[in-house]
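For ligands, and for the atoms within them, numbers begin at 1 and follow the listed sequence.
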Amino acid sequence: MKDVTDLHREFDGKRLPPGQRETSRFPVLSKGETPSVPTDWTFDVWGAVDDELALSFAEFKDLPSETQTQDFHCVTGWSRFDCEFRGVTFPTLAEHAGVTDDAVHVMFHAHDSYTTNLPLEDCMREEVLFTWELDGEPLPAEHGGPMRVVTPHKYAYKGAKWVSGVEFLTEPERGYWEKRGYSNTANPWEEQRYA
Ligand SMILES: Nc1nc2c(c(=O)[nH]1)N[C@H]1C(S)=C(S)[C@@H](COP(=O)(O)O)O[C@H]1N2
Ligand SMILES: [Mo]
């Protein structure tokens, strides 16, 4: 098990970021209803890559995966410590698709039409996971099952629930909340909540 709950050190911060309170619950925050994801969905990778991919969920889970202990910081002010997520790291997926040299940015797409964006360098980190398992159980639907993204170095809106694919971009673009007043950078230790 890889423990990445010390990544706050990199950001010169305490484990509990400023303005956050710790909760043992795991609240649900979605812009709408939990979407029903078709059982035959494919995970799509497109844009600035050598090989555009359309992977079944089974094929995705066959990629090298790992379990990590991570903290989860919600922009509305709660943090949940020690979440155990099993999944595929972003760098593993990027290598599998062959990201091209002109890629600088990433857009995550989801089954509820949610999108969220990050610079490529903020994604090429071992703790950015495509995860289907929380605390040893299949990821609950309301938390993004069958599969979601987690971004423990950022507020949690950077992690798309019900993720359907990843688009590699040659220019920055903004996702759903980033267009609606949430911070584009979302660093919890700098309290980058709103733009
Ligand atoms: N697809 C999708 N992903 C999403 C959202 C959403 O509405 N749709 N909400 C985001 C927000 S604002 C937060 S805080 C987290 C909440 O995750 P949780 O419901 O598992 O706590 O998911 C993020 N990912
Ligand atoms: Mo949020």
Side-chain angles (χ1 to χ4, degrees), residues 4-5 7 16-39 41-46 57 60 67-88 90 93 106-119 122-123 125 127-167 173-195:
V4 299
T5 59
L7 69 80
L16 188 67
Q20 297 290 108
R21 62 194 179 280
E22 192 189 344
T23 175
S24 54
R25 294 170 52 238
F26 200 165
V28 172
L29 281 168
S30 308
K31 71 177 176 67
E33 301 288 301
T34 295
S36 61
V37 177
T39 48
W41 69 288
T42 57
F43 180 86
D44 298 320
V45 182
W46 73 99
F57 190 30
F60 195 97
T67 304
Q68 295 185 9
T69 307
Q70 304 194 343
D71 296 339
F72 189 98
H73 307 297
C74 177
V75 71
T76 62
W78 53 267
S79 295
R80 185 184 193 259
F81 285 172
D82 296 320
C83 306
E84 280 183 28
F85 290 114
R86 175 161 198 86
V88 172
F90 191 97
L93 191 268
V106 173
M107 187 70 75
F108 297 91
H109 295 260
H111 288 282
D112 61 344
S113 303
Y114 187 79
T115 52
T116 186
N117 64 285
L118 278 174
D122 285 333
C123 295
R125 298 174 55 106
E127 75 274 11
V128 177
L129 284 182
F130 298 92
T131 178
W132 54 83
E133 208 178 282
L134 166 66
D135 296 340
E137 302 286 338
L139 183 67
E142 65 273 20
H143 286 299
M147 187 162 81
R148 76 172 301 166
V149 180
V150 284
T151 56
H153 61 321
K154 299 288 181 183
Y155 287 123
Y157 63 89
K158 291 292 182 178
K161 304 200 280 189
W162 315 295
V163 66
S164 59
V166 173
E167 181 183 8
E173 285 181 30
R174 283 179 189 237
Y176 183 85
W177 283 122
E178 291 86 356
K179 284 182 187 162
R180 290 169 175 78
Y182 277 30
S183 164
N184 198 24
T185 45
N187 179 338
W189 293 277
E190 302 285 343
E191 281 202 81
Q192 294 164 349
R193 298 176 195 268
Y194 307 105

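Between R148 and ligand 1, at least one pair of N/O atoms sits closer than 3.5 Å. The shortest N/O to N/O separation between G32 and ligand 1 does not fall below 3.5 Å. For the pair G159 and ligand 1, the shortest N or O to N or O distance falls below 3.5 Å. For ligand 1, the polar-atom distance check against W177 finds no nitrogen or oxygen pair separated by under 3.5 Å. Residue contacts with ligand 1: F26 is placed with no nitrogen or oxygen under 3.5 Å of a nitrogen or oxygen of the ligand (distance criterion only). Below 3.5 Å of separation, one finds an N or O of H143 facing an N or O of ligand 1.
Contacts between L29 and ligand 1, counted as non-hydrogen atom pairs separated by less than 4.0 Å, involve both the backbone and the side chain. Counting heavy atoms closer than 4.0 Å to ligand 1, residue Y114 contributes side-chain atoms (C-beta onward) but none from N, CA, C or O. At a 4.0 Å heavy-atom cut-off, ligand 1 touches F72 through the side chain alone. Of all the heavy atoms of F108, none lies under 4.0 Å from any atom of ligand 1, so neither backbone nor side chain is involved.
Residues R80 and L134 come closest through the heavy atom pair NH1-CD1, 4.0 Å. Closest approach of R21 to L16, counting heavy atoms only: C-CD1, 4.1 Å.
Using a 4.0 Å cut-off to heavy atoms of K31, the atoms of ligand 1 that qualify are 6 (C), 7 (O). Near A160, meaning under 4.0 Å from one of its heavy atoms, ligand 1 places the atoms 3 (N). In summary, the atoms of ligand 1 found under 4.0 Å from a heavy atom of C74, numbered by their order in the structure, are 14 (S). Every atom of ligand 1 is numbered from 1 in the order shown, and the set under 4.0 Å from a heavy atom of W78 is 21 (O). Proximity to A156 (heavy-atom distance under 4.0 Å) selects the following atoms of ligand 1: 15 (C), 22 (O), 23 (C). Below 4.0 Å from some heavy atom of A110 lie the following atoms of ligand 1, by number and element: 1 (N).
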Between H153 and T151, does the side chain to side chain contact (heavy atoms under 4.5 Å, CB included) criterion hold? Intermediate values first, please. CA-CA 5 Å; H153 61 321; T151 56; 4.0 Å; yes
Please step through ring-ring contact (aromatic ring centres under 6.0 Å, His included) for the pair F72 and F26, ending with a clear verdict. CA-CA 9 Å; F72 189 98; F26 200 165; 4.9 Å; yes
Before you tell me yes or no, could you show the steps for E178 and K158 under salt bridge (charged side-chain N to carboxylate O under 4.0 Å, His left out), namely the whole-Å CA-CA distance, both residues' side-chain angles and the distance that decides it to 0.1 Å? CA-CA 9 Å; E178 291 86 356; K158 291 292 182 178; 2.7 Å; yes
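In this pair, F90 and F130 present their aromatic rings parallel. The plane angle is below 30°, not in the 30 to 60° band. By the 30° and 60° cut-offs, the orientation of the rings of Y182 relative to Y157 is perpendicular.
A side-chain donor from one of R86 and T67 sits under 3.5 Å from a side-chain acceptor of the other.
Contact check for Q20 versus P188: no side-chain heavy atoms found under the 4.5 Å cut-off.
Of the options Y176, W162, Y155, Y157, the smallest heavy-atom separation from atom 12 (S) of ligand 1 is shown by Y157.
Among protein heavy atoms, the minimum distance from atom 19 (O) of ligand 1 is reached at K161 NZ, 2.5 Å. Protein heavy atom closest to atom 8 (N) of ligand 1, with residue, atom name and distance, is D112 OD2, 2.7 Å. Of all protein heavy atoms, the one closest to atom 21 (O) of ligand 1 is P27 O, 2.7 Å.
Proximity of V28 to ligand 1 is established by a heavy-atom distance of less than 4.0 Å.
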